[in-house]
Amino acid sequence: MKIALDPTPFHSTHSLLEFPRLAADLGYEYLQLTPHPDFLPFFNHPKADDRLVADLRAACRDAGVQIASVLPVLRWSAPDPDAREAAVRYWKRAIRMTVDLGVQQMNTEFQGRPELAEESERAFYRSMEELLPLIEAEGVHIAIDPHPDDFVEQGLAAWRVIRGVNSPNLGFVYVAPHTFHMEDAPLEIMAAVGDRLRVVHVADTMDHHRSHGLRYITNPPGSAARVHQHLRIGDGDVDWDEFFGGLAGNGFLDREDSVMVSSVFAENENATEVSRYQLEQMTERAAAARDRHRNTQRTEAHA
C-alpha cells in the first residue's frame, strides 16, 4: 500500500514543482496530484504542457517521491452535451499527462447532477464508450468516488454503475469523510467492491444524521446542500477501527497498487503539523488493523 499526501492545503504557499520536496520533508514517499491551476484545474482544460509535465517528473525524482495517483475533476457526466464533450477532450489530455508522469492510477468523481440522475448516467456511459479504449490501451486504472451532490451518491449504487462499464480498469474510491452520505455500511461497500477498491481518502467528518438531523444546521431548513468536513483523524464521527479493519479484511492494506491519501482540508493554518499527524495515524492504524486481521485468521484456522 502507498500512503500519499494530498497537497491541497499547501496550494497557497507552495508551487506545483515544490510539492514533491514538500511531501518528502513531511515524511511521505508518495504524492497525489489533485486539481491545481497549473496542472489540472477543476472542470477546465489541463494547463500543463509537456515541458511542465517533464519538470514535475524530474522534481519527483530529485525529491525521492513518487506520484501515487492523479485526480482530475471534470464534467464527464454532464447532461449538457457541450460540457460532456469538452470533458472527454480534457480527459484525453489528462490521461496523456498521467502516462507521461509514469503513473497508472487515476481517481475522480462521478459529477453529473442528482436531480438529473438518469440523464447524467446516460452521459457517463456515453463518455466511457469514448474513453475506455484509450484507458485500456494505456493501461491506466481509474477509480471513482460517489461524491456528495454527484448523480450517484450511495456507495453500493455507485459500485453498480462502475461495474456496469464492464472493465477491470475501473474501480472504486472510498472517501472516509463521505461515509455518512454514502448511506450504505462501510464494511458492506468494501466487501462488495473487493479488490476493485484502489484508493481511499482519509479524513474525519461529523455524522449529519445524528441528533435527529441537527448535528450541524443549514439555512434555510431543508437545504439540499451536502455538508461534510475533511478533518484530521479523531475530530469527527468516523469509526476508524471499523474503517481500517474493513480495509484489512478487504486486502487493501496488503496490495502494492492500493493508495491511501491524507485528505484533510479544514486546517490549512496547521497543515504541516496535521500532515505529519495523519501520516503517523495512518501508518500505525493500518499496521494494527493488519495484525488484528492476521491474528483472527490464525485463530479461525486453528478453531
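Atom set for the values below is all heavy atoms of this structure, side chains included, hydrogens, waters and symmetry mates excluded. Quick note: residue numbers are just sequence positions, from 1. Because the structure is predicted, anything quoted here is derived from the model rather than measured.
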With a 4.5 Å limit on heavy-atom distance, are the side chains of D254 and R290 in contact?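 They are in contact (side-chain heavy atoms under 4.5 Å apart), so the answer is yes.
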Regarding [X] and [Y], do their side chains bring together a donor and an acceptor under 3.5 Å, going by distance alone?
{"X": "H178", "Y": "H228", "value": "yes"}
{"X": "T8", "Y": "T34", "value": "yes"}
{"X": "E153", "Y": "H181", "value": "no"}

Is the charged tip of R198 near the ring of F172: under 6.0 Å from the six-membered ring centre and within 45° of its axis? no
Is N268 reaching over with its side chain to a backbone N or O of A271, donor-acceptor style, under 3.5 angstrom? no
Expected output: side-chain Q32 to main-chain L71 donor-acceptor under 3.5 Å: no
Below 4.0 angstrom, N of the basic side chain to O of the carboxylate: do [X] and [Y] qualify?
{"X": "D50", "Y": "R96", "result": "no"}
{"X": "D25", "Y": "R276", "result": "no"}
{"X": "R255", "Y": "D195", "result": "no"}
{"X": "E121", "Y": "R126", "result": "no"}

What heavy-atom pair brings D150 and D145 nearest, and what distance separates the two atoms?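 Residues D150 and D145, closest heavy atoms: OD2-O, 3.5 Å.
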Same cluster or not: I142 versus V73, using hydrophobic residues (I, L, V, M, F, W, Y) connected whenever any side-chain heavy atoms lie under 4.5 Å apart?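 Result: no, two separate clusters.
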Quick one: do L187 and M260 end up in the same hydrophobic cluster if we chain Ile, Leu, Val, Met, Phe, Trp and Tyr together by side-chain heavy atoms under 4.5 Å apart?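 No, because L187 and M260 fall into different hydrophobic clusters, even though each may have its own neighbours under 4.5 Å.
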Taking the six-membered ring for Trp, are the ring centroids of F10 and F19 within less than 6.0 Å of each other? no
Plane angle bin for F243 and Y174 - parallel if under 30°, tilted between 30 and 60°, otherwise perpendicular: tilted
Aromatic plane relationship, H230 with F265 - under 30° parallel, 30 to 60° tilted, over 60° perpendicular: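 Judged by the thresholds at 30° and 60°, the geometry between F265 and H230 is parallel.
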If the test is side chain to side chain donor-acceptor pair (under 3.5 Å), which one of T205, D235, D237 qualifies with Q229?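 Among T205, D235, D237, the one that satisfies the side chain to side chain donor-acceptor pair (under 3.5 Å) with Q229 is T205.
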